[in-house]
Every structure is written in structure tokens, then in C-alpha cells.
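Convention: sequence-line order gives letters A, B, ...; per-chain numbering from 1.
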Amino acid sequence: MQYWLMKSEPDVYSIDKFKKDGKTLWTSVRNYQARNYMMEPKEPGQITMKKGDLFLFYHSNAEPSACVGIGRIENVSVPDPEQFIKKSEYYEPRATKEKPVWFCAECRYVKHFTKPLALQELKADSKLKNMLLLKPGSRLSVQPVEENDFKHILKISGTSI
DNA sequence: GCCAACGTTGGC
DNA sequence: GCCAACGTTGGC
């Protein structure tokens with residue numbers, strides 16, 4: 001089992017919307033590294049998402065930016081439908097149905113945190129200092145999380161699965 | 001709204 | 001394949 005963190009701006013797609021939808025396609029990611037995490041591995045040993053993996057839902061560009069809940073990966077390597085929509089901001093002229101360029105994961109809502117865990121609180125916790133999220137200049141919107149970090153975050157947020 | 005840190009693009 | 005210019009992310 002692998003753990004992840006996925007960022008979304010609450011103005012664009014919030015955890016409340018996620019709960020209402022129950023299930024969503026994590027569309028509009030336009031970064032190759034983040035995309036590759038949401039696909040079947042291209043080479044053996046590559047760390048990618050698998051059905052059943054859990055992730056932290058993170059609100060970025062928020063007041064305050066915070067981890068707000070948990071989701072579960074339902075499916076990977078799903079072609080991002082946005083790339084085929086000419087009018088979409090995320091239209092991809094290079095993509096064809098046979099050879100899509102962008103892929104996404106299908107995600108299932110699991111639960112809200114008992115209380116949101118603000119970025120400041122994460123930074124203040126020395127146990128989490130190696131988290132990718134807390135590294136300066138780390139902007140990946142989909143990133144792996146160490147199991148012990150994931151479990152520690154659940155613990156200090158008072159959340160159990 | 002600013003800007004640092006990245007990622008991407010495209011000329012050469 | 002280098003790298004300058006440009007675009008984007010996201011905390012502050």
C-alpha cells in the first residue's frame with residue numbers, strides 16, 4: 001500500500017464538493033511527474049498509484065492551506081477527458097483518443113479530517129520535516145507520502161479510518 | 001498582488 | 001542538447 005498527497009484549490013474543487021460527488025476523476029493535471037504517478041508504471045520498480053491506495057486531500061491557495069481529508073484511489077491511467085475538449089482550458093492538441101497525452105486517477109471520497117491540519121501546523125511538527133510538501137519549492141500537485149508521515153498526520157488530526 | 005522556484009518551450 | 005525566455009504554482 002502506497003500513500004499520496006493530492007492538492008486542489010478549494011475555489012476550483014473543494015473537499016466538500018468531493019464528498020458530494022463521492023467519486024471524481026482527478027483531471028487537469030498538466031505536469032508529467034504528477035501524471036506519471038497516476039499511471040501504470042512504465043518500468044518495473046517505478047512507484048505509482050494503485051487501486052486501494054489512500055491519499056491526503058490538501059487545499060492549496062487556501063485560508064489557511066491545509067490537509068482536510070482522505071480519499072482512496074479507485075482506478076489509474078484513465079485518459080483525462082479535458083484534453084479532448086477544444087474549448088477547455090486543458091485542451092491538448094497533440095492528444096488523440098488512441099494516444100492520449102494526459103491521464104488521471106479516479107478517486108473515492110473517504111472522510112473529512114476531524115479538523116483541518118494547517119500547513120503551519122505541519123511545518124511545526126519536527127516528525128514531518130522530511131515531507132515533500134514541506135520542502136521549499138516543492139510544487140508537485142500529486143506526490144507520494146511516507147507511510148509513517150501519513151499515519152502521524154492522521155493521528156495528530158484526530159482522524160481514524 | 002508579489003515573487004521564488006520550478007517546468008516547459010523553442011531557437012540555435 | 002543547451003539555455004534564455006516565458007509560464008505556472010502556491011506560500012506569504
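Between the side chains of A/Tyr109 and A/Asp16, no donor N or O sits under 3.5 Å from an acceptor N or O. Counting only N and O atoms by type, the side chains of A/Glu92 and A/Trp102 include a donor and acceptor under 3.5 Å apart.
Between the CG atom of A/Leu119 and the SG atom of A/Cys67 there is a distance of 8.5 Å, given to the nearest 0.5 Å.
Of the two residues contacting DNA chain B, namely A/Arg94 and A/Gly137, the nearest-nucleotide position lying further toward the 5' end is that of A/Gly137.
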Using a cut-off of 4.0 Å between protein heavy atoms and nucleotide atoms, how would you tag nucleotides 5-12 of chain C 5' to 3' with B, S and -? ---BBBBS
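Of the residues listed (A/Leu25, A/Thr24, A/Val29), the one engaging A/Thr27 in a side chain to side chain contact (heavy atoms under 4.5 Å, CB included) is A/Leu25, and it is the only one.
Looking only at side-chain heavy atoms (C-beta outward), A/Gln2 and A/Val145 stay at 4.5 Å or farther from each other.
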